[in-house]
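Here is the structure we will look at, set down as structure tokens.
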Amino acid sequence: MSRRSNGRMGPITSRLIFTTGLMMGFLSARFMLDCNLLTEQDIHVGRNVQQEAQTEAHTVEHKSQVGNSSRTTRILCWIMTQPKNLESRTKHIRETWGKRCNKVLYISSVETDFPTVKLNVSEGRENLYWKTIRAFQYIHQHHLDEADWFLKADDDTFMVIENLRYTLSSLDPEKPLYLGRRFTPFVRQGYMSGGAGYVLSKEALRRFVKGFDGGNCTHFSTIEDMALGKCMETMKVEPTDSRDVKGRQTFHPYPPHYYLVRQPPRPRPWYLLYDHYPPVEGPGCCSDFVVSFHYIYGVQLYVLEYLTYHLRPYGYKYRFNPDEKTVLKTTEST
Amino acid sequence: MLSEGGYFMKGMAMGGIFCLLLSLLGTFRPGVESGTESQHHHHHVQALGKDALKHLTDVQMQKLRNQVQVSCIIMVQPKILVYWATALDTWSKHCDKAVFYSSESTKALEAVDLNEKDDWARLRKALKHAYENAGELRWFFVAQPTTFAIIENLKYLVLAKDPNEPFYLGNAMKSGELEFVSYDSGIVLSYEALKRLVHVFQDEDKCPERGRALWKLSEDKQLATCLKYTGVFAENGEDSHGKGLFNSKSVDSLIADSMKTNPNDVVAGCCSDVAVTFSGMTPNQMQVMMFGVYRLRPYGHDFHDLLVFNPPEGSEND
């Protein structure tokens, strides 16, 4: 290209100007196109507009404890398990609710990298109470200061630890208390179902261990939950009502469908016979803030995990809002 | 000066054209994956992001809530009475309007008796009836008795989508060349789509009433064929991870699948948090599902959703 004598541009400058023009043209056109898209979005959306993943929309606003806010509600969970169940059951607990405990111990007869704690007790139904006694003694010896409440659960239980924490937050762990699904027979003050899981306060744990130390409590039966309940009574530990403010149960010794499915009025079925508080069948059975279901493992465990922690109806205003009443809306009825 | 300007203008023109070309190409978006799976989707529909809703005023929000009201069309038969009763007692209460269309009347439950044994003919009549009685409603959801739906999540998916545009959404599947929405996981139609459909019902060539006699196509495929003639195509409803919101399987089944394919992350690898439908659940499972969806939750996990849907009146299992 020949240079005109009066042209002030060199080839580099002209290319620069061209490139600048190119960019300006590109950006202007883009800007104008984007403007059109924006107004469309207001009313009807073009394809491919992203939906926020639920994890992003889920602002986990962890409510501080109700009641005495200076109190902590640390929960130590110990899970009664055995070598043959580690892969099929306990592993899945470890993947799901196990990690929501402040501390979790998997109690077995063999020590492994799972990790499991070995107790000098053989496996088998007839050793359940021995295992329980040794477990609580072990925990009392090694972990007493690490928690305020001590939960025992089977390896086929689904627990919602946040809801347990909510229930416990208004209670004093220095009082001798114990919670679960209260059963009536065999023990005058009743006892808590083993399958549904039960919780001892720190003071209750101290008294349990003291009971065995002093001979007030003995291994008089292999029926773990009933026998422990008897020791609790002997050591003057109080069974506490674990139902919610509407009288709905939180601990359940059977899976959800046993309770939730509507039934015509009928005499108590066999699985509700032991209940201390009059059981309700159908939707009124169970609290929104369920603590446990039993006979849950494998697929069912993950199904409950999905339903509790993941699947939800977007924007839905839950009917049961125990905290809302205390806040503002006095005009809202339940 | 002029010569400098000349280069600049040429540059601008080139830049502008280049941009236009790119954006035109962008909207074509040809099929990305190679067609190995029969569920390859050309058309995806995803819901609005959080931020889009933030800029709307209260008046606009209310307008959206009204616009997103759903009319449920539930196809039932007396021989599966327990499913019918379950749908009535569970998820259908969350529809703004729920009408049951039956093949024959029964004293047990109330329905629009279409007195029609043929499944396709019955579906046509139901859709026509729903269209004629739409009132203010602009979104239509067609379900089978074995479908379980979470209507709030359906609303979330179509929020701010214009029902005067044709939308035909659900679990989009492919059969040969035909892309259709699977029946059992629920079919979503916007007002415009339904309007076109009802119109093409009158065309016996394109959309025969007694179905394509020689090989009886299933109703969902017939529906897709008729809609295609009106320029309406099946779209897969999914979330931002590409997870389908409309499921032709039950929760149990999907979790079992996920335990095999994602053993280290079973729940995250399974289903969307805002799934709209599941299929193949028993009536008892549906009752438990009502509890699981609308009540069971961990205390303290609060969501600050930008729209509020109130619980239905006169109901207590949700």
Side-chain angles (χ1 to χ4, degrees), chain A residues 7 9 14 17-26 28-30 33 41 43-45 47-54 57-63 95 160 162-163 166 256-257 260-262 283 286 288-290 299 302-303 305-320, chain B residues 3-4 7-16 18-20 23 44-50 52 150 152-153 156 160-162 165 239-241 251-252 255-256 266-267 270 273-275 284 287-288 291-305 307-311 316-317:
Chain A
M9 291 187 314
S14 64
I17 293 172
F18 182 81
T19 316
T20 315
L22 191 77
M23 284 185 337
M24 289 297 293
F26 188 90
S28 319
R30 216 200 129 126
L33 287 169
Q41 260 179 23
I43 306 153
H44 58 269
V45 180
R47 320 296 176 187
N48 301 313
V49 181
Q50 295 275 317
Q51 172 185 31
E52 295 284 309
Q54 215 38 57
H58 180 161
T59 53
V60 182
E61 185 199 290
H62 287 292
K63 291 219 171 80
E95 294 295 309
V160 187
E162 292 87 342
N163 292 343
Y166 175 56
H257 63 274
L260 286 162
V261 174
R262 290 196 199 274
C286 316
D288 290 20
F289 300 130
V290 149
V299 172
Y302 288 110
V303 168
E305 174 83 2
Y306 173 63
L307 295 179
T308 311
Y309 291 93
H310 295 263
L311 181 63
R312 68 183 192 91
Y314 181 83
Y316 188 66
K317 187 172 194 324
Y318 295 109
R319 284 188 200 276
F320 182 59
Chain B
S3 47
E4 287 167 17
Y7 276 111
F8 189 79
M9 296 312 283
K10 276 185 210 160
M12 267 202 79
M14 295 286 293
F18 188 54
C19 179
L20 271 167
S23 72
H44 314 250
V45 168
Q46 293 164 331
L48 275 186
K50 239 181 354 177
I150 303 168
E152 288 79 5
N153 291 343
Y156 182 47
K161 287 182 173 43
D162 186 1
E165 293 282 314
D239 69 14
S240 60
H241 300 299
V251 180
D252 286 33
I255 290 283
V266 176
V267 176
C270 167
D273 285 9
V274 285
N284 282 1
Q287 291 196 50
V288 174
F291 176 75
V293 172
Y294 289 104
R295 294 175 53 204
L296 176 62
R297 62 200 187 277
Y299 177 81
H301 288 212
D302 292 325
F303 300 90
H304 299 290
D305 296 331
L307 215 58
V308 173
F309 297 118
N310 287 320
E316 25 68 284
N317 58 353

Next on the checklist: Evaluate Val267(B) against Tyr309(A) for side-chain contact (heavy atoms from CB on, under 4.5 Å), listing each step before the verdict.
Outcome noted: CA-CA 10 Å; Val267(B) 176; Tyr309(A) 291 93; over 6 Å; no
Checklist outcome for this item: Test side chain to side chain contact (heavy atoms under 4.5 Å, CB included), reference Val303(A), set Val266(B), Asp252(B), Val288(B), output is Asp252(B)
Item to check | Contact origin within Leu296(B) toward chain A - heavy atom pairs under 4.5 Å | outcome: both
Checklist entry - So Tyr316(A) and Tyr294(B), side-chain contact (heavy atoms from CB on, under 4.5 Å) or not? Walk me through it. => result CA-CA 8 Å; Tyr316(A) 188 66; Tyr294(B) 289 104; 3.5 Å; yes
Checklist entry - Would Gln287(B) and Leu260(A) satisfy side-chain contact (heavy atoms from CB on, under 4.5 Å), going step by step from the backbone distance to the final call? => result CA-CA 7 Å; Gln287(B) 291 196 50; Leu260(A) 286 162; 5.7 Å; no
Next on the checklist: I need the Asn310(B) CG to Tyr318(A) OH distance, nearest 0.5 Å.
Outcome noted: 14.0 Å
Next on the checklist: Given 3.5 Å as the limit, does a donor-acceptor pair link the side chain of Glu152(B) with the main chain of Gly315(A), or not?
Outcome noted: no
Checklist entry - Contact part of Val160(A) toward chain B, heavy-atom cut-off under 4.5 Å: side chain, backbone, both or neither? => result side chain
Checklist outcome for this item: Residues passing the side-chain hydrogen bond (donor to acceptor under 3.5 Å, both in side chains) test with Asn317(B), sequence neighbours excluded, are Lys93(B), Ser315(B)
Checklist entry - Between Cys270(B) and His310(A), is any pair of side-chain heavy atoms under 4.5 Å apart? => result no
Next on the checklist: Would the distance check show the side chain of Asn163(A) and the main-chain N or O of Arg297(B) forming a donor-acceptor pair, the cut-off being under 3.5 Å?
Outcome noted: yes
Checklist entry - What part of Phe291(B) gets closer than 4.5 Å to chain A, counting heavy atoms only: side chain, backbone, both or neither? => result side chain
Item to check | Tyr314(A) vs Phe309(B), side-chain contact (heavy atoms from CB on, under 4.5 Å): CA-CA, chis, key distance, verdict | outcome: CA-CA 8 Å; Tyr314(A) 181 83; Phe309(B) 297 118; 4.3 Å; yes
Checklist entry - Under the side-chain contact (heavy atoms from CB on, under 4.5 Å) test, which residues partner Glu95(A), sequence neighbours left out? => result Tyr302(A)
Item to check | Whether Phe289(A) and Tyr299(B) hold their rings parallel, tilted or perpendicular, with breakpoints at 30° and 60° | outcome: perpendicular
Item to check | Residues Arg312(A), Asp305(B); criterion salt bridge (charged side-chain N to carboxylate O under 4.0 Å, His left out); working and verdict | outcome: CA-CA 12 Å; Arg312(A) 68 183 192 91; Asp305(B) 296 331; 2.8 Å; yes
Checklist entry - What are the two closest non-hydrogen atoms of Pro283(A) and Arg295(B), and how far apart are they? => result O-NH1, 2.9 Å
